Protein chains: 2
Amino acid sequence: MTKRSKIPSPTIERLALYSRPLQSFVESDTPIVSSEKLAELCGVNPAQVRKDLAYFGEFGVRGVGYDAQELLREIKRILGTDREWTICIVGMGNLGMSLVENDNFRKRGYRFVAAFDLDSRKAGRRLPCGLAIQPACNIPEQVRGLGVDLGIITTPSREAQRAAELLFKANIKGILNFSATQVRAPECCIIENVDLSVKLENLVYHLETLYKGMPMK
Amino acid sequence: MTKRSKIPSPTIERLALYSRPLQSFVESDTPIVSSEKLAELCGVNPAQVRKDLAYFGEFGVRGVGYDAQELLREIKRILGTDREWTICIVGMGNLGMSLVENDNFRKRGYRFVAAFDLDSRKAGRRLPCGLAIQPACNIPEQVRGLGVDLGIITTPSREAQRAAELLFKANIKGILNFSATQVRAPECCIIENVDLSVKLENLVYHLETLYKGMPMK
DNA sequence: TCGAAATTGTGAAATAATGCACATGATTTG
DNA sequence: CAAATCATGTGCATTATTTCACAATTTCGA
Ligand SMILES: NC(=O)c1ccc[n+]([C@@H]2O[C@H](COP(=O)([O-])OP(=O)(O)OC[C@H]3O[C@@H](n4cnc5c(N)ncnc54)[C@H](O)[C@@H]3O)[C@@H](O)[C@H]2O)c1
Ligand SMILES: NC(=O)c1ccc[n+]([C@@H]2O[C@H](COP(=O)([O-])OP(=O)(O)OC[C@H]3O[C@@H](n4cnc5c(N)ncnc54)[C@H](O)[C@@H]3O)[C@@H](O)[C@H]2O)c1
């Protein structure tokens, strides 16, 4: 039990997924939820829900279900989202701005504490949230000084690796990269690459296959 | 050997991934690429690259490698991205605007042909790209009339299902949903849910686990 | 109080995905 | 032209993940 070393990584993604409907249950004063209900809302198998949770302990009551509030608390603890995480963001174009403005991150306990851009016309500008955009060359000093937890890269693809290098220099431990190039990182930094158009292409493939009358995966 | 019916879905995601460096090779006049090089750039195992491709045919030359241009063309054909796909987008807030403005989608052969919002102050406004935002109630008629291929949902979470229903009514076949609720769809429509904060929570979990016990600095 | 219904937790089977290792064919070099 | 080198394609072992199926536990109603 609780040997984190061999927990399937799909399990982790699903735990985050489960927390969304759980939050709703808590907000709507629905105290008890079953693996079947949760599974349905998240589009997975009920046994999967139970097994995912079982990696970390016994949170339910047989014949009854799970206490929504308690389960949500446990999942947050497991994921590490029961505390605030600070974020800096590099590349204040359309997507970067959109992310900083987005309220959901704040609600989930993330806080943007620094924003950077290479463009000298942008550097100095103050964002609605109160942050001032700083020149990218400040990254190592600023990010290290503030002890920022996470970095988000929203620069053009060709600049992504360079942006990442500055973050490594600042000793950052985790990066979410939205550009279309896979950023390469040293051992000590975890990268999550999120290429949005890969998602679109997935969709396109499935449609294409479907239209051709072939059975779908 | 082209039996599409049992192709692993991770394979499809990786094919899209491979196309990024391949594009660069083509643009920089590098004619030949090996599975090893491609694998390195995409952060996967070389045998994986070869196996992924082998599901669809023999595209390489033993002892030599793959012709970058030809391989790129084949991958596009396999994915279905060798033709234009039209997109409509529902919810023209920060993220929606950002997606419509993004040039990469156009470069990859996607074309936004309609944009919708519920907000009556937004409806009617013209976007830089030339599209005019329409009221959401126009979706069924407009989307069906234009024969739009794909839908993107960027409304607040609580509105996502409603937005989706309008798209179903318009007989749309695939939807990319950026809101934090999993949209439920009829058989005839494929949904890809992309919850960005799930990605962040993944990162947080791994950091938390990695540095459990050790002082984070 | 008892039996039926509900629902969890879990071992074991089934299914899916990955990666090794080598036969195969191309190319280069001496 | 033979040998060395390179890199693909693939059968198979390995590893990872999902799902089944059922014992265990709780609740409820007669
Ligand atoms: N906008 C979207 O909806 C969207 C969707 C999918 C992927 N993406 C990807 O996200 C990234 C950003 O997209 P965008 O639309 O915001 O682009 P954008 O061009 O609007 O913004 C990029 C910003 O990065 C800044 N920049 C460039 N080099 C930099 C550097 N070295 N350090 C710091 N800042 C730097 C630029 O000055 C600019 O402000 C791109 O890689 C894009 O492919 C965006
Ligand atoms: N902005 C981001 O960076 C970001 C990041 C992650 C996830 N998301 C998700 O993407 C979605 C959009 O985010 P956003 O920041 O653009 O929000 P936003 O509030 O800026 O925009 C939402 C837009 O949707 C419109 N809308 C509401 N109901 C509608 C309906 N039924 N039909 C059509 N339009 C409707 C609103 O008028 C508004 O213009 C949200 O679900 C958010 O959680 C956004």
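Excluded from the calculations below are hydrogen atoms, water molecules and symmetry mates; all remaining heavy atoms, backbone and side chain alike, are included. None of these values were measured; they are calculated from a predicted model. Throughout, protein chains are lettered first and strands after them, A, B, ... in sequence-line order, and every chain is numbered starting at 1.
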Whole-Å distance separating the CD atom of A:Gln48 from the C1' atom of D:dA21:
16 Å

In whole Å, what is the span from the CD atom of A:Glu36 to the C1' atom of C:dA6?
10 Å

Counting the atoms with a prime plus P, OP1 and OP2 as sugar-phosphate, which does A:Ser35 contact under 4.0 Å by heavy atoms, base, sugar-phosphate, or nothing?
sugar-phosphate

Tell me whether the side-chain N/O atoms of A:Arg14 come closer than 4.0 Å to OP1 or OP2 in D:dT17.
no

Nucleotide D:dT17, atom C1' - distance to CG of A:Leu15 in whole Å
15 Å

Mark yes or no for whether B:Ser197, through its side chain, and B:Leu200, through its backbone, hold a donor-acceptor pair below 3.5 Å.
no

More 5' along DNA chain C: A:Gly63 or B:Pro10, using each one's nearest nucleotide?
A:Gly63

Whole Å only: how far is the CD atom of B:Glu70 from the C1' atom of D:dT8?
14 Å

When rounded to whole Å, the CG to P distance for the pair B:Asp52 and D:dT8 reads 13 Å

How far apart are the C-alpha atoms of A:Thr86 and A:Arg111, what are their side-chain angles, what is the distance that settles it, and do they pass the side chain to side chain donor-acceptor pair (under 3.5 Å) test?
CA-CA 5 Å; A:Thr86 54; A:Arg111 190 157 57 90; over 6 Å; no

Does A:Glu192 form a side chain to side chain donor-acceptor pair (under 3.5 Å) with A:Asn177? I'd like the steps, not just the answer.
CA-CA 6 Å; A:Glu192 187 100 7; A:Asn177 167 37; over 6 Å; no

Walking DNA chain D from its 5' end, the first of A:Lys51 and B:Leu53 to be reached, judged by nearest nucleotide, is B:Leu53

Residue-phosphate contact under 4.0 Å: B:Tyr66 side-chain N/O, D:dG9 OP1/OP2:
yes

Say whether A:Tyr18 and A:Asp52, considering side chains only, have a donor N or O and an acceptor N or O under 3.5 Å apart.
yes

A:Arg50 CZ to C:dG11 P: how many Å, rounded?
14 Å

Here the distance between atom C1' of C:dG11 and atom OH of A:Tyr55, to the nearest Å, is 12 Å

Looking only at N and O atoms, is any donor in the side chain of B:Arg62 or the base of C:dT24 less than 3.5 Å from an acceptor on the other one?
yes

Whole-Å distance between D:dG9 C1' and B:Asn45 CG?
14 Å

For A:Glu36, all residues meeting salt bridge (charged side-chain N to carboxylate O under 4.0 Å, His left out), sequence neighbours excluded
none

